[in-house]
Amino acid sequence: MIPLLDLRAQFETIKEDVVAAILQVAESQRFIMGEPVAKLEGAVAAYVGTPFAVACASGTDALLLSLKTLELEPRDEVITTAFTFFATAGAIHNAGGKPVFVDIDPATFNIDPAHVEAAVTPRTKAVVPVHLFGQMAAIEKLRPLCEEHGLALIEDAAQAIGARRKIGGEWCMAGRLGTTGAFSFFPSKNLGGWGDGGIITTRDAQLAERLARLRTHGGAKQYHHEEVGTNSRLDTLQAAVLLAKLPRLDDWNAARRRHAEVYAEGLADVPGVRTPQTDGANEHVYNQYTVRAERRDELRSYLSDRGIGSAVYYPRALHLQPCFEHLGYNRGSLPETERACDEVLSLPVYPELTREQQETVITAIQEFGA
Ligand SMILES: Cc1ncc(COP(=O)(O)O)c(C=O)c1O
């Protein structure tokens, strides 16, 4: 049995450190906004390269709180991709805006800046690119476009902690160049908590202050509320778990990249299967290793019959979800997005995957293709 993700394999390697960190929180009995929360904020800000980071309850809230600061009105538009997890567009809707979906670059699965530019209208307020599967979108094209039109740029970096892109000869981390970067600590992410969690990075001191207020009911002081926020604090326990795991993140990401190289070689000549492409400027962190397969559903059940886990991220694009029917998209509106939904299959790429397990996956796919 080779699962898509084996968190228990990781648990064996981190047990001592994480359990010790949890015990410390238990001893402090400071479960809300204990010391590890501020420590994690400092550590993630330093890691991403922003002066500020504000921890919150989930990646969804990291997006929602970022979008709330824009004070969107009902017909205000936010341009995003439809080939993503639901939260990206759900947060736009819940912040009071209207998602405007544009098509992806089929090479990287990421939002295509040319389509973004074409979709800007006087009602556009923000662009939300998603660094899908752990590979950064073309942020150096989106940023000037946003600056030119006075738009916020909110990076959905939920799947991309540690991903970098070379911009003007310099490596730039996901979450550094946007107005904000929204990260998720959902357990399956490259840096996963033992429950829900998220964080927002920003270079803007005032924005950081406002986000910190919004996550605690909009009040900087207790019982004094400048604006209406919500309860979206990160639990001290989760912060402690994440702080204990953070020093290992780069090694885990490197292991994912090594697995990707092995797959690229092993699957190169399998008919009907195409391995993922990395944009030359990117260092990918492979939250998912996602191939395209002509007979995707057959391949998936073939693997499943052999005890090999895989998953389809994402089977139905967001512009075709029933809840967004009123936006007026149809099948055919976003052809590359829809093709990706029909073809993609994610394979096991977690850091602890052994070479032997990976060979089993490769051999099974080769046999399927033969
Ligand atoms: C692209 C993307 N955006 C947002 C989210 C939301 O994160 P969370 O599950 O922590 O709310 C996720 C993860 O699930 C995601 O993959």
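Numbering of residues begins at 1 and proceeds along the displayed sequence. Both counts, for ligands and for their atoms, begin at 1 and track the order of listing.
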Run through all N or O atoms in ligand 1 and write down each protein N or O closer than 3.5 Å, as a pair with its distance.
| from | atom 1 | to | atom 2 | distance (Å) |
| --- | --- | --- | --- | --- |
| ligand 1 | 3 (N) | Asp156 | OD1 | 3.2 |
| ligand 1 | 3 (N) | Asp156 | OD2 | 2.7 |
| ligand 1 | 7 (O) | Ser184 | OG | 3.4 |
| ligand 1 | 10 (O) | Gly59 | N | 2.8 |
| ligand 1 | 10 (O) | Ser184 | OG | 2.7 |
| ligand 1 | 11 (O) | Gly59 | N | 3.4 |
| ligand 1 | 11 (O) | Thr60 | N | 2.8 |
| ligand 1 | 11 (O) | Thr60 | OG1 | 2.5 |
| ligand 1 | 14 (O) | Lys189 | NZ | 3.0 |
| ligand 1 | 16 (O) | Gln159 | NE2 | 2.8 |
| ligand 1 | 16 (O) | Lys189 | NZ | 3.4 |

Tyr289 ring center within less than 6.0 Å of Tyr263 ring center: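 Yes, they do, as the ring centres are separated by less than 6.0 Å.
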
ring-ring contact (aromatic ring centres under 6.0 Å, His included) assessment of Tyr329 paired with Phe324: CA-CA 8 Å; Tyr329 298 92; Phe324 291 134; 8.9 Å; no

Steps toward ring-ring contact (aromatic ring centres under 6.0 Å, His included) verdict (Trp194, Phe185): CA-CA 9 Å; Trp194 287 5; Phe185 298 129; over 10 Å; no

4.5 Å side-chain heavy-atom contact, Ile161 and Val285: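 Result no, sub-4.5 Å side-chain heavy-atom pair not found.
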
CG on Asp156 to OG1 on Thr80, rounded to 0.5 Å: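 Output value for this atom pair is 7.5 Å.
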
For a quick test of your reading: what N or O donor-acceptor pairs under 3.5 Å do the side chains of residues 27-35 make, sequence neighbours left out?
| from | atom 1 | to | atom 2 | distance (Å) |
| --- | --- | --- | --- | --- |
| Ser28 | OG | Val25 | O | 2.9 |
| Ser28 | OG | Arg30 | N | 3.1 |
| Gln29 | NE2 | Ala26 | O | 2.6 |
| Arg30 | NH2 | Met33 | O | 2.9 |

